[in-house]
2 protein chains.
Amino acid sequence: MTAARGRTRDAIVEAALELFRERGFEGTTMRAVAERAGVSVGNAYYYFSSKDELVQGFYDQLVAEHRALALPELAGRTDLASRLSVTLHAWITAAEPYREFAGRFFAVAAQPGNPLSPFSPEAGPARTASIDLYREVLAGARIDPDPELARELPELLWLQHLGVVLFWVHDRSEGAARTRLLVDRTVPIVARLIRLSRMPVLRPLGRQVVDLVRLLRD
Amino acid sequence: MTAARGRTRDAIVEAALELFRERGFEGTTMRAVAERAGVSVGNAYYYFSSKDELVQGFYDQLVAEHRALALPELAGRTDLASRLSVTLHAWITAAEPYREFAGRFFAVAAQPGNPLSPFSPEAGPARTASIDLYREVLAGARIDPDPELARELPELLWLQHLGVVLFWVHDRSEGAARTRLLVDRTVPIVARLIRLSRMPVLRPLGRQVVDLVRLLRD
DNA sequence: GTAGACTGTTGAACACGTTCAAATGCTCGG
DNA sequence: CCGAGCATTTGAACGTGTTCAACAGTCTAC
């Protein structure tokens with residue numbers, strides 16, 4: 001019975017997200033998730049092979065919220081620096097409610113081989129969605145970078161995004177103020193580098209960076 | 001009895017490192033550590049407040065081994081790119097025996113607030129030692145970077161080092177071949193950027209980077 | 001030398017993530 | 001309608017990291 005299957009699954013995810021918000025990741029026990037979802041512990045494990053896997057739902061949701069928040073801000077802007085800026089700030093805003101347990105969560109995700117790692121196959125859809133957003137950020141900007149570099153730029157901007165996330169996770173400042181400052185400082189550097197990428201002196205550098213990204217991707 | 005205290009502590013660290021090597025981090029139980037060290041479980045917790053904390057010993061040892069391996073290679077070299085290269089390759093060599101459990105370990109270390117985080121106060125000595133090594137890497141090279149930038153370069157190179165470590169943790173290739181490739185591709189980029197840092201067009205960029213590092217450091 | 005305090009040590013007990021054999025419900029060919 | 005096969009569900013049980021009340025050993029002050 002597929003409908004029932006879906007209902008049970010959804011109930012478990014919903015209960016988990018609620019509890020994560022209420023008590024954080026560590027503070028949430030599988031027994032509590034099962035109880036709130038109205039199922040047995042074993043049943044939760046029938047659908048999710050580990051506690052870690054329960055947060056994939058949160059993962060997907062965050063990407064969607066980020067997009068929903070960023071797109072309206074992007075409309076009408078053509079300057080790359082400002083497009084990048086609103087996109088990164090939108091992420092910080094979208095992630096805000098999860099700050100407390102995000103640390104633990106991202107630590108889990110940082111584990112190699114973990115399905116929650118942003119580089120894992122399982123996270124492929126969420127990763128692609130995120131990279132695509134940066135593709136749109138670039139598409140709407142009046143820029144004219146080195147063409148070779150241009151092809152890798154969405155992925156490069158996504159890597160910048162990951163860097164911001166990494167910083168955010170460690171950021172304990174009120175309202176993630178330091179992360180916002182980091183964004184404000186980083187964005188002009190990146191925008192300037194992209195603008196300069198056509199300069200003859202920097203051409204070889206651009207090529208090296210392109211090679212590097214391709215190596216990273218396999 | 002300070003001597004006994006030290007002896008017990010050492011026995012626990014030693015047992016832990018042995019077992020980590022034999023069975024990995026996850027495969028090592030606190031009960032096994034305590035048994036091999038000839039103490040009770042509770043006693044192990046008297047000295048180390050968690051299993052995670054047991055790996056601080058490994059941390060310190062690795063930094064020392066890295067230095068010991070890098071210094072002889074550095075002697076006689078004056079080209080920055082090659083000095084950077086041998087230093088990073090030396091780290092990969094030093095870390096090789098711990099590849100299997102390093103993933104779990106670094107995941108723990110990536111957790112904000114965790115004493116094992118490279119940014120934590122507890123890891124201060126190991127961090128300083130590592131940054132100092134890069135200070136020496138720079139000191140022995142014939143380079144002439146923007147002076148403002150020069151002051152932040154050791155820390156910047158250490159950040160590059162962290163990036164390599166992060167990649168290495170996820171690298172499953174034979175003999176960490178991909179990480180070595182990454183180093184070979186990254187080092188020329190960094191060396192070129194430093195060389196170019198005096199160029200007028202790049203001056204403002206250098207300043208922005210310096211500001212950024214200072215922000216990161218608090 | 002002894003009382004008291006402090007340091008070091010013990011192992012049973014706890015809460016948790018996870019597993020698994022067994023029970024229950026569901027589907028579909030006959 | 002039956003029953004065989006499959007999907008779903010259960011909760012007790014296991015092994016783990018961690019805690020804690022109790023005990024033992026050592027030092028200090030008198």
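In what follows, chains carry the letters A, B, and so on, assigned in the order in which the sequence lines appear, proteins first and then strands, with residues in each chain numbered from 1.
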Self-check item: Heavy-atom check, side chain of B:Leu182 versus side chain of B:Trp168, under 4.5 Å
Solution: no
Practice problem: Rounded off to whole Å, could you give me the CG-to-C1' distance for the A:Asp52 and C:dT18 pair? | Solution: 12 Å
Quiz item: Among C:dG8, C:dT18, D:dT8, which is the nearest nucleotide to the side chain of A:Lys51?
Solution: C:dT18
Quiz prompt | Donor-acceptor contact present, side-chain A:Arg185 to main-chain B:Leu212, <3.5 Å | solution = no
Self-check item: For atom CG of B:Leu19 and atom P of D:dG17, their distance in whole Å
Solution: 11 Å
Exercise. Would you kindly compare B:Ser50 and A:Tyr46 by the position of their nearest DNA chain D nucleotide and give the one closer to the 5′ end?
Key: A:Tyr46
Quiz item: What integer distance in Å separates B:Arg23:CZ from D:dT16:C1'?
Solution: 14 Å
Quiz item: Within 45° of the ring axis of A:Phe25 and under 6.0 Å from its six-membered ring centre, is that where the NZ or CZ of A:Lys51 lies?
Solution: yes
Quiz item: When you measure from every atom of DNA chain D, which of residues 37-45 of chain A have a heavy atom less than 4.0 Å away?
Solution: A:Val39, A:Ser40, A:Gly42, A:Asn43
Quiz item: Hey, does B:Tyr46 have a side-chain heavy atom less than 4.5 Å from the side chain of B:Thr8?
Solution: no
Quiz item: Rounded to the Å, how far apart are A:Arg7 CZ and D:dT9 C1'?
Solution: 14 Å
Quiz item: Which residues pass the salt bridge (charged side-chain N to carboxylate O under 4.0 Å, His left out) test with B:Arg36, sequence neighbours left out?
Solution: B:Glu18, B:Glu22
Quiz item: Just wondering, more than 12 heavy atoms not from B:Glu35 lying within 6.0 Å of its CD?
Solution: no
Quiz item: Can you tell me how far C1' of C:dG17 sits from CD of A:Glu26, to the nearest Å?
Solution: 12 Å
Self-check item: Spacing between A:Glu35 atom CD and D:dT9 atom P, to the nearest angstrom
Solution: 17 Å
Exercise. Tell me whether the OP1 or OP2 atom of C:dG8 has a side-chain N or O from B:Thr8 closer than 4.0 Å.
Key: no
Self-check item: Salt-bridge criterion met for B:Arg77 and B:Glu73 (N-O under 4.0 Å)
Solution: yes
Practice problem: Let me know the distance between CE of A:Met30 and P of C:dC20, rounded to the nearest Å. | Solution: 16 Å
Practice problem: State whether the distance check finds a donor on one side and an acceptor on the other, under 3.5 Å, for side chain B:Arg31 versus base D:dG15. | Solution: no
Self-check item: Rounded distance (Å) that lies between atom P of D:dA7 and atom OH of A:Tyr47
Solution: 12 Å
